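A short write-up of the structure that comes next.
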Amino acid sequence: MKIFLYKWLPIVFGCHCRSDRSFYWKGKQFPICARCTGELIGIMFCPISMLVFSCSPIWCLFLMVPMILDGSIQLLTQYESSNIKRVITGILFGYGLIRFFFYTNVWAFQYGCRLAEQRIK
């Protein structure tokens with residue numbers, strides 16, 4: 001399982017796997033960087049939390065903004081984000097992305113059902 005994760009997680013996330021932007025556990029580098037680790041945590045937390053509380057689609061989009069800003073500012077300036085900021089913004093982004101993905105799938109399903117009802121009439 002470990003070999004599978006170390007091979008496929010960087011591919012799935014499109015991760016650069018830079019050692020200076022990754023977490024370490026017992027001297028071993030995580031298979032993905034801090035930001036991608038945060039996204040993975042947010043993605044895994046989202047389906048569980050959907051049962052407990054709701055969030056509007058607009059809030060889902062707002063949750064994605066901090067990571068986009070952090071990454072863009074870091075790319076375009078001399079600013080260097082910390083791994084803690086990367087993981088926190090990654091969690092927010094992963095959560096918002098999956099939650100918004102669920103919303104869009106529900107909307108598409110409902111729209112398809114309405115189209116089918118119109119064709120039957």
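These numbers come from a predicted model, not from an experiment.
Annotation: side chain of Cys33 is in contact with side chain of His16 (closest heavy-atom distance under 4.5 Å). Annotation: side chain of Val87 is not in contact with side chain of Arg35 (no heavy-atom distance under 4.5 Å). By the 4.5 Å heavy-atom criterion applied to side chains, Tyr6 and Gln29 are not counted as neighbours. At a threshold of 4.5 Å between non-hydrogen side-chain atoms, the residues Cys17 and Phe30 do not count as touching. By the 4.5 Å heavy-atom criterion applied to side chains, Arg21 and Asn83 are counted as neighbours. Side-chain atoms of Phe4 and Leu9, non-hydrogen and from C-beta on, never get closer than 4.5 Å to each other. Contact of the Thr89 side chain with the Phe93 side chain is not registered, since no non-hydrogen atoms from C-beta on lie closer than 4.5 Å.
Counting only distance, with no hydrogens or angles, the side chain of Gln74 and the backbone of Tyr79 share no donor-acceptor pair below 3.5 Å.
Other residues, nucleotides and ligands contribute more than 12 heavy atoms inside 6.0 Å of the OH atom of Tyr24. More than 12 heavy atoms of other residues, nucleotides or ligands shown are found within 6.0 angstrom of CZ on Phe23.
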Applying side chain to side chain contact (heavy atoms under 4.5 Å, CB included), run through Asn105 and Phe109 and close with a yes or a no.
CA-CA 6 Å; Asn105 277 295; Phe109 179 76; over 6 Å; no

Show me the side-chain donor-acceptor pairs of residues 43-66 shorter than 3.5 Å, one per line, residues at least two apart or across chains.
| from | atom 1 | to | atom 2 | distance (Å) |
| --- | --- | --- | --- | --- |
| Ser49 | OG | Phe45 | O | 3.4 |
| Ser49 | OG | Cys46 | O | 3.0 |
| Ser49 | OG | Tyr95 | OH | 3.2 |
| Ser56 | OG | Trp59 | N | 3.2 |

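Using a 4.0 Å cut-off between a side-chain N of Lys or Arg and a carboxylate O of Asp or Glu, Glu80 and Arg86 qualify as a salt bridge.
The cluster map of Ile, Leu, Val, Met, Phe, Trp and Tyr, joined by side-chain heavy atoms under 4.5 Å apart, puts Ile73 and Ile68 in different clusters. In the hydrophobic cluster analysis, where Ile, Leu, Val, Met, Phe, Trp and Tyr join through side-chain heavy atoms closer than 4.5 angstrom, Leu92 is grouped apart from Phe101. Grouping the Ile, Leu, Val, Met, Phe, Trp and Tyr side chains by contacts below 4.5 angstrom, directly or via other members, places Phe100 with Met67.
The shortest non-hydrogen separation linking Ser81 to Asp70 is OG-OD2, 2.9 Å. Of all the heavy atoms in Lys7 and Ile11, the pair that sits closest is O-CD1, 3.4 Å.
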